[in-house]
Amino acid sequence: MSDSPPTELPSHYDHQAAQEKWYTFWEQQGFFHADANSKKPPFSIVIPPPNVTGALHLGHALNNTLQDILCRMKRMQGFNVLWMPGTDHAGIATQAVVERRLLEEEGKSRHDLGREGLVDRIWEWKAQYEKRILGQLKQLGCSCDWERTRFTLDDQCARAVRETFFKLFADNKIYRGKRLVNWDTYLQTAVSDDEVFHEVTKGHFWHFNYPVVDPKPGEPTHVTIATTRPETMLGDTAVAVHPDPAAAFDKLSTELREKIIAASAKEKGELDEEATLLLERRAKMLPQLEILRGMALRGVKLELPLTGRTIPLICDEWAKPELGSGCVKITPAHDENDYQVWQRNLEIGAINILNRDGTLNDSVPEKYRGLTMKKARAAVVEDMETAGLLVEIEDREIDLAHSDRSKTPIEPYLADQWFVKMDELAQSAMDAVTDERVKIFPERYTKTYLDWLSEKRDWPVGRQLWWGHRIPVWHNLVEPKSELEACNIPEEMFVEARDQLRLYLVAAGFSEEDFRIEFDDVYMRLCIKNPKVDDAINALNKYFQGGLDAVKPGRVHDASSPILTFVPGFKAASDAAKQITRFGKFVREEEVLDTWFSSALWPHSTLGWPNETPELKTFYPTSVLITSRDIITLWVARMVLAGLYNMDEVPFPEVFIHPKILDGYGETMSKSKGNGVDPLDVIDKFGADSLRFGLAYLTTETQDVRLPVEFECPHCQALIPQTKKNRTLPRVECDKCGKPFGTQWAQSHGSAEDQALPRGAAVSERFELGRNFCNKLWNASRFALMNLADYKTSANGNLVADDLLLEDRWLLSRLATVTGEVTAALESYHFADAARALYGFAWDEFCSFYVEMSKARFAVAEQRATAQRVMAYALDTLLRLLHPMVPFLTEEVWHLLGEVAPERGLTDPQTAGESVCVAQWPTVKETCIDKAIEAQFAQFQTVMGAVRNIRQEKNIPPRTPIKFSVRCDEEAIALLQPMEPYFASMAGATATDWGPKVTPPERVASKPLEGMEVHVDISEFFDVAAERTRLEKERDQLAKFVQSIEGNLGNENFVKNAPAAVVEQQREKLIEVQGQFQAVESALGKLG
RNA sequence: GGGCGAUUAGCUCAGUUGGUUAGAGCGCCACGCUUACAACGUGGAUGUCGGGGGUUCGAGUCCCUCAUCGCCCA
């Protein structure tokens, strides 16, 4: 706590000092630690775990600021608050980053390191970034319970993952299926749809002829197909023609006609032309297509060139009569649409022609094997040309999918995948939202959630990666030479092997609680919950390799898998083992689980599940989830279904979706675009409080947040707007001083020289709002502290109503109202409303009026004590209300205030606590709310405004005293006369007269107000022309207003239909405005 | 192609169930360093509320439509 007396406080708030001092203080006091056994009502939030791929950006700052605001308010409201922190392992993203670096820095691939080696490297990376991320959160002021920090890949989460996978497996909700996946041939893994981006590139459209086998006379001898990927023809299993081309043409014509009717004249021309072309095409193509359709129905085959295979001509609606030749080649293993055709025509089969690395496999003729797609393409085209089957080559733009991670083109690839059946799980998560056990705010996002879940698409959970939770399944590996052979394994063999395996494991001391055995027509699979079973399987494998001797008691061969040597039922076990191993060795599944699998469990896994911990009991379900809209489906939906599945209870009753932060061009911020902003840069420049307040101020319901970004020149501090061009330059030259500086781009893309330049931080001027506000608060506090040196409460324990002046009662009324507004806004996630209410109150009401007025009062001995009491109380309340958004500044001031005014409160003064962080949240003092007082005060403000306005209009220097009088009624006199000192101190104006009969002086500037008229004596500054101009302008405005109201009231329908109150209001307004108009007219008249 | 959202002052955004002269911050203009604060004070200017149509006594707000932009899904 500061030793310096308040008068020596700097005139600018030093955010850096406050941040260091108070964060340490809070941690040391243990304010952020939640007690699972507390009697207080619980409030808990799990952090959306930032992934350890990189440092936090502004989006994270927003996300965590909002959580912290809620946590801090709830803590002050007396809740037992747990904010569970942690990070996410982010499977593919992290592995890709580490692999890329490995290649760049050491020229090594993951295969050079091997699985363990690579995973070790990733753990190192994780350690580094986790530290950085948690540090960033602390700098931001986040009040997380750090003792409970988790990681999605730590032991506790691993237990939860294994338990869940096992449960799903045992529940028959896990299966293996063949699906087309987005195959990244560089990383050699499947990537999900959301890890793919599309790019239009220049390509070609090749037209090939496939010969018809034994055509009848009159039938075509060739079928023409076209493709953008000629090499895939080696995997064709059919060619399709539309089953009813005539109907298809008709349907198109009808649609086109409807369009033409609705179209504008301009579009009509084009559409008409289109319709004509369609008709011509129909006439030309239809007979041929109908012949082909007939051939397809007859079962005609085609020769698939280059392969020696024949493939069927089939009927399927995927063939579009209006496009190309009307026929389409079908490659089910390498095209999503063709895959669908296969699902409708299973007899055609599917042939995978790719190896995992993107080269062609043994399913294609020998000459193409081992070629890359690119080489194979050239070869196929050449061979087709030689065979005389190449018809033509068109140029064409192609929408090509690329992997987000490796930036290489994606190959659709038919692969065995692990799936989670979603039908029931998805339904449960939908029900939870439709019956409002989970509410999503803003409500419109409910649709996103429900739409996605309603598709009930099975969840592919396996990833061909090394970084992640390895799937806890062992395969009993038979290497079938072909799928045919695999299919011929008699089921009895599986049954027998399964029974034997079960016997073995039971003999080894395990139960069905620990493992589960399933088989399909190729594999026997063992899913293991208890990791000790892994050891038993390892022992079995040893046996398989070395015979029974290898695992005999007393001959311990391997300390890591000694299970067979110790099991009591060794004999039974070994007999069983003999049976099982006839089948083959057990191999642990190589794949790991999708990152979202562990994230889905986050709300309960972090609390200790599957153990029944006190934390789980106290804090589950959590209170609310706060996240960004792009992971509603990937994460929120899955948490809900996983929570219901494992806990039988939703993970949170409410979800708040906050906006995304975009740059000045409306683009999402990202490292790869170079437009990201590091919150630490903003914190350095503006302070954590400013960042937090600025973010809260921007968090509105409807829109994403646009944040123009600037570089700050490290030499002269000039701000240079970031553009699409300069954001990816490693060095930028300052507009102002001309000196070069390095950008964030330099770190990843710059030369050593660029990197050596001083770094220009990327920041945004938007945060000046927060900084200015903080500084205003700081200075208002400083003023209060300076004037509270002789503050005492003991002489005057309770303030009574008589002690209070109008301004006190006004301030207290406003304070109570604002307390209610802020509380309600935060509790309903209206962060911007809360920030704006506080900003307006603190600046325009507390500072601009109450503090200003108190200056005059502090100077008057008999008014001083009351003013101090109210001032201390108001500041105290304001600090509490602001603390969630502006934690450091409020804590700093709280302590300073505590030194001069330790006991605060209007009645029953209480000693302020050790920290505002755990001070009680203000409650609304209903008795203070007085709308009449607020209206009266507004009247005072209006008169003050009029006087100030006239001074400025007349160009009267601020320090020149002026005189004014006010024509008003008796009631207003009673109100305004006591305020005379304030007109003197705040407007340099002395009142000369009040009342209904006030006559303005000869040379006057007048301003009509509601029911009043303000006259400022300007004899010393008289300028007829200027005054006339001013009044004429005012008259014109009023005339317009009168006209508009008269227009309304003259409208019979308005008077008849509008509510009486509205009509009456208009009538009153008219009289009022007409009065003002006349006042101006007469003032103008006087000017002559 | 389907869904959601946005379009309001030069910029970034508010605008409650329709109610009558549309607000804030920054920026701009004028005047001011008055011992809390120039990161400030006082005053001021600034909008055919994306275009078009409709409902209504009355539309920034409700409906239709078009345009542009963004996101999600295919």
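These values consider heavy atoms only, across backbone and side chains, with no hydrogens, waters or symmetry-generated copies. Given the structure is predicted, the values throughout are model-derived calculations rather than measurements. Numbers restart at 1 for each chain; the letters A, B, ... are given by sequence-line order, proteins then strands.
Taking a pair to require two hydrogen-bonding distances under 3.5 Å in either a Watson-Crick or a G-U wobble arrangement, rG5(B) pairs with rC69(B). Both distances falling under 3.5 Å, in either a Watson-Crick or a G-U wobble arrangement, occur for no nucleotide opposite rU48(B). Under the Watson-Crick and G-U wobble criteria, each requiring two contacts below 3.5 Å, nucleotide rG41(B) is paired to rC31(B). Remark: rC26(B) base-pairs with rG10(B). Criterion, Watson-Crick or G-U wobble with two distances under 3.5 Å. The pairing partner recorded for rA59(B) is none, the criterion being a Watson-Crick or G-U wobble arrangement whose two distances lie under 3.5 angstrom. For rU17(B), there is no paired nucleotide, since no Watson-Crick or G-U wobble pair has both relevant distances below 3.5 Å.
The side chain of Val851(A) approaches rA36(B) more closely than any other nucleotide in the set rC37(B), rA36(B), rC11(B). Of the candidate nucleotides rG43(B), rG3(B), rG32(B), rG43(B) has the atom lying nearest to any side-chain atom of Arg948(A). Listed candidates were rG32(B), rG19(B), rA36(B). Nearest to the side chain of Phe783(A) is rA36(B). Distance from the side chain of Cys847(A) is smallest to rA36(B) among rG43(B), rG19(B), rA36(B). With rC37(B), rG19(B), rA39(B) as the choices, the nucleotide that has an atom nearest any side-chain atom of Arg782(A) turns out to be rC37(B). Closest to the side chain of Gln952(A), from the set rA30(B), rC57(B), rC11(B), is rA30(B). Of the candidates rG43(B), rC40(B), rC57(B), rG43(B) carries the atom nearest the Asn949(A) side chain, counting heavy atoms from C-beta on. The side chain of Ala1058(A) lies closest to rC57(B), out of rC57(B), rA14(B), rA74(B). Among the nucleotides rG3(B), rG19(B), rG25(B), the one closest to the side chain of Lys447(A) is rG3(B).
Taking the C1' atom of each, rG23(B) and rA9(B) are spaced 10 Å apart, rounded to whole Å. rG52(B) and rC57(B): their C1' atoms are spaced 23 Å apart (whole Å). Here the separation of rU8(B) from rU61(B), taken at their P atoms, is 13 Å to the nearest Å. Comparing rC73(B) with rA59(B), their P atoms sit 40 Å apart, to the nearest whole Å.
The side-chain contact (heavy atoms from CB on, under 4.5 Å) test with Phe846(A) is passed by exactly one of Leu838(A), Val818(A), Leu878(A), Leu777(A): Leu878(A).
Within the nucleic acid shown, Lys1033(A) comes within 4.0 Å of sugar-phosphate atoms alone, with no base atom in reach, counting heavy atoms only. Counting non-hydrogen atoms under 4.0 angstrom, Arg959(A) reaches the backbone sugars and phosphates but no base. Using a 4.0 Å heavy-atom cutoff across all strands shown, Tyr697(A) reaches sugar-phosphate atoms only and no base atom. Looking at heavy-atom distances under 4.0 Å, Pro957(A) makes no contact with the nucleic acid at all. In this structure, Glu852(A) reaches the bases: a heavy-atom distance under 4.0 Å links it to at least one base atom across the strands shown. Here Arg951(A) lies out of heavy-atom contact (under 4.0 Å) with every strand.
Salt bridge present: Asp630(A) and Lys660(A) bring a charged side-chain N and a carboxylate O closer than 4.0 Å.
In this structure, Trp843(A) does not reach the rA39(B) phosphate: none of its side-chain N or O atoms is under 4.0 Å from OP1 or OP2. Phosphate contact (OP1/OP2 of rC71(B), side-chain N/O of Lys660(A), threshold under 4.0 Å): absent. Within the structure, every side-chain polar atom (N or O) of Asn787(A) is placed at least 4.0 Å from both OP1 and OP2 of rA36(B). Contact between the side-chain N/O atoms of Thr448(A) and the OP1/OP2 oxygens of rC72(B) is not found at any separation under 4.0 Å. Look at Asn775(A) and you won't find any side-chain N or O under 4.0 angstrom from OP1 or OP2 of rC40(B). For Arg706(A) and rU12(B), the shortest distance from a side-chain N or O to OP1 or OP2 is below 4.0 Å. One finds a side-chain N or O of Lys776(A) lying less than 4.0 angstrom from the OP1 or OP2 phosphate oxygen of rG41(B).
At whole-Å resolution of the value, CD in Gln1037(A) and C1' in rA45(B) are 12 Å apart. Across the protein-nucleic acid pair, Ile950(A) atom CD1 and rG43(B) atom P stand 13 Å apart, rounded to whole Å. Between Asp14(A) atom CG and rA39(B) atom P there is a gap of 16 Å when expressed in whole angstrom units. Protein atom CG of Leu62(A) is 13 Å distant from nucleotide atom P of rC13(B), rounded to whole Å. Atom CG of Leu453(A) and atom P of rC73(B) are 13 Å apart (whole Å). Remark: P of rC29(B) and CG of Asn955(A) are 17 Å apart, rounded to the nearest angstrom. Per the geometry, CZ belonging to Arg629(A) stands 12 Å off P belonging to rG70(B), to the nearest Å. Atom CD1 of Ile632(A) is separated from atom P of rG5(B) by 12 Å (rounded to the nearest Å).
In this structure, Lys724(A) forms a cation-pi arrangement with Tyr665(A), its terminal cationic atom sitting closer than 6.0 Å to the ring centre and no more than 45° off the ring axis. For the pair Lys776(A) and Tyr13(A), the NZ or CZ position fails the cation-pi test of under 6.0 Å to the six-membered ring centre and within 45 degrees of the ring normal.
Residue side chain Lys1056(A) does not reach the base of rC57(B) through any donor-acceptor N/O pair under 3.5 Å, judged by distance alone. A donor and an acceptor atom never sit less than 3.5 Å apart when one is taken from the side chain of Glu953(A) and the other from the base of rA30(B). A donor and an acceptor atom sit less than 3.5 Å apart, one in the side chain of Lys855(A) and one in the base of rA36(B).
When all heavy atoms of Ala429(A) and Tyr449(A) are compared, the closest pair comes out as O-OH, 2.8 Å. Shortest non-hydrogen contact noted between Ala637(A) and Trp452(A) is CB-CZ3, 3.9 Å. When all heavy atoms of Met871(A) and Ser854(A) are compared, the pair lying nearest together is CE-OG, 3.4 Å.
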Which protein N or O atoms sit under 3.5 Å from an N or O of nucleotides 6-8 of chain B?
from, atom 1, to, atom 2, distance (Å)
rA6(B), O3', Gln703(A), NE2, 3.3
rU7(B), OP1, Gln703(A), NE2, 3.3

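For CD of Gln1043(A), the number of neighbouring non-hydrogen atoms (other residues, nucleotides, ligands) closer than 6.0 Å is 12 at most.
Mapping Gln1076(A) and Asp704(A) onto RNA chain B via the closest heavy atom, the residue that lands nearer the 5' end is Asp704(A). Of the two residues contacting RNA chain B, namely Trp452(A) and Tyr839(A), the nearest-nucleotide position lying further toward the 5' end is that of Tyr839(A).
Checking Ser1006(A) against His1015(A) by side-chain atom types alone, a donor-acceptor pair falls below 3.5 Å. Asp689(A) and His15(A) share no donor-acceptor pair across their side chains, judged by distance under 3.5 Å alone.
Proximity of a side-chain donor or acceptor of Arg638(A) to a complementary backbone N or O of Ile632(A) within less than 3.5 Å is not detected.
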Please assess Arg836(A) against Phe831(A) for the test side chain to side chain contact (heavy atoms under 4.5 Å, CB included), listing each intermediate value before the final yes or no. CA-CA 9 Å; Arg836(A) 283 161 212 247; Phe831(A) 295 93; over 6 Å; no

